[in-house]
Amino acid sequence: MTRCETASKARLAVLNTGLRRGFRICPVCGYTFGPNESAPRTHNNPRGQQCPGTFQPPVALGHEFETDVLLLTFPHYRNVRPEFWVSLLYAVVEGVSLVLDIERNDLDGCLYPMAGDPYSPALVLFDDVPGGAGHVRRINNETLLKEVLETTLRFVSTCECGTSCSGCLRNYKNQSWHEILDRLIVKDFLEQVIG
């Protein structure tokens, strides 16, 4: 029921969308303000002099880097609840970090709608360091992948919180999803997959 695509190097773009409202930037001096700040009437450049520039429309800020990437799919399984896929992603990332005995911050992931299907996306796991550290490459075998899923199931089953907390699925990087993360739906799914 699970398929692991070959791990390889890929270029990833990490975006900060500014709470989906973007950042405003002065093209003359680079002065930037975020979504929770009011646009200043005037601003100074880095030399402390008043800048004549005006702010551009909001943009997302990003950085592109090459790292190791692994696609994990569940062929023929669809789930229309977005909280399911986001919760599964972050639970599996936790499981990988436990199995490989590495820092959780060394890995991350995102969802990619394979063939344009948002209800059956691939879990894209990647080393969160430029150039990659080889972590996701290590789980690209059936035995280790099974261990990752079993460890993930134990992990989401042992927390005593309601649906999620900072001891299980919640962390700084996924804070925009905290309200919908649900370890219990991941537990139910993995019991079916592993059982």
Side-chain angles (χ1 to χ4, degrees), residues 1-18 20 60-153 155-156 164 168-183 185-187 189-190 192-194:
M1 182 156 184
T2 315
R3 192 170 83 211
C4 207
E5 301 277 332
T6 305
S8 62
K9 295 280 186 194
R11 294 197 67 77
L12 289 179
V14 178
L15 290 178
N16 182 341
T17 62
R20 296 185 182 102
L61 301 178
H63 173 69
E64 189 177 282
F65 65 98
E66 187 174 294
T67 191
D68 294 322
V69 175
L70 181 83
L71 292 179
L72 182 60
T73 59
F74 298 88
H76 312 296
Y77 183 79
R78 296 180 88 235
N79 193 312
V80 300
R81 298 170 60 192
E83 63 269 22
F84 167 76
W85 291 107
V86 172
S87 300
L88 179 62
L89 170 67
Y90 289 113
V92 169
V93 170
E94 292 288 346
V96 171
S97 68
L98 290 169
V99 167
L100 298 181
D101 193 26
I102 59 174
E103 289 290 322
R104 164 60 182 87
N105 289 335
D106 289 347
L107 300 169
D108 209 349
C110 63
L111 299 173
Y112 179 72
M114 299 295 286
D117 186 357
Y119 304 125
S120 186
L123 306 183
V124 180
L125 307 179
F126 57 89
D127 293 346
D128 203 9
V129 293
H135 300 312
V136 295
R137 287 179 176 269
R138 292 170 50 197
I139 63 166
N140 192 20
N141 74 64
E142 192 174 315
T143 303
L144 207 50
L145 180 59
K146 184 175 185 208
E147 184 180 346
V148 165
L149 295 178
E150 289 169 346
T151 300
T152 302
L153 175 58
F155 177 75
V156 296
S164 69
C168 60
L169 299 183
R170 296 181 182 190
N171 61 53
Y172 177 78
K173 290 182 179 181
N174 66 17
Q175 61 187 310
S176 62
W177 301 107
H178 283 184
E179 296 305 313
I180 67 167
L181 292 175
D182 188 339
R183 68 181 181 83
I185 58 176
V186 173
K187 177 181 177 285
F189 173 74
L190 290 178
Q192 294 172 14
V193 170
I194 295 169

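Along the sequence shown, residues carry numbers from 1. Both backbone and side-chain heavy atoms feed into the values below; hydrogens, waters and symmetry mates do not.
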So which heavy atom on L149 is nearest to which on V92, and how close? CD2-CG2, 4.4 Å
Nearest non-hydrogen partners of L169 and Y90, listed with the distance: CD2-C, 4.1 Å
Calculate, to the nearest 0.5 Å, the distance between atoms NE2 and CG belonging to H63 and N16 respectively. 13.5 Å
Rounded distance (nearest 0.5 Å) linking atom CG of L98 with atom CD of E150: 13.5 Å
With sequence neighbours left out, write down each residue that passes salt bridge (Lys or Arg N to Asp or Glu O under 4.0 Å) with E83, or none if nothing qualifies. R81
Let me see the working for L88 and N79 under side-chain contact (heavy atoms from CB on, under 4.5 Å), right down to the final yes or no. CA-CA 11 Å; L88 179 62; N79 193 312; over 6 Å; no
Rounded to the nearest 0.5 Å, what separation is found between the CH2 atom of W85 and the CH2 atom of W177? 14.0 Å
Suppose we screen for salt bridge (Lys or Arg N to Asp or Glu O under 4.0 Å). Which residues come up paired with D182, at least two apart in sequence or across chains? none
D68 side chain to G134 backbone, donor-acceptor under 3.5 Å: yes
Mind checking salt bridge (Lys or Arg N to Asp or Glu O under 4.0 Å) for E179 and listing every partner two or more places apart, or none if nothing turns up? none
Return yes if some donor-acceptor pair links the side-chain N/O of D127 with the main-chain N/O of A133 below 3.5 Å, else return no. yes
Can you pull the side chain to side chain donor-acceptor pair (under 3.5 Å) pairs that have at least one residue in residues 106-123, sequence neighbours excluded? R78-D117
Quick one: closest heavy-atom pair of H135 and L100, and the distance? O-CD1, 3.4 Å
Side chain to side chain donor-acceptor pair (under 3.5 Å) partner of S164, chosen from H178, R183, R170: R170
Do V136 and V69 have side-chain heavy atoms sitting under 4.5 Å apart? no
Find the distance between CG (L107) and CD1 (I102) and round it off to the nearest 0.5 Å. 3.5 Å
Side chains of L111 and L123: does their closest heavy-atom pair fall under 4.5 Å? yes
If you apply the rule side-chain contact (heavy atoms from CB on, under 4.5 Å), what do you find for L125 with L89, and how did you get there? CA-CA 8 Å; L125 307 179; L89 170 67; 4.0 Å; yes
N/O donor-acceptor pair under 3.5 Å between N174 side chain and N171 backbone: yes
Name all residues meeting the salt bridge (Lys or Arg N to Asp or Glu O under 4.0 Å) criterion together with E103; count only those two or more places apart in sequence or in a different chain, and write none if there are none. none
Taking every non-hydrogen atom, the tightest pair across L153 and L190: N-CD1, 3.8 Å
Can you see which heavy atom on A60 is nearest to which on T17, and at what distance? CB-CA, 4.0 Å
When every non-hydrogen atom of T73 is compared with those of M114, the smallest separation belongs to CG2-CG, 4.4 Å
salt_bridge(E142, K146) N-O dist < 4.0 Å: no
Check ring-ring contact (aromatic ring centres under 6.0 Å, His included) between F84 and all other residues, then give those that pass, not counting sequence neighbours. Y77, F189
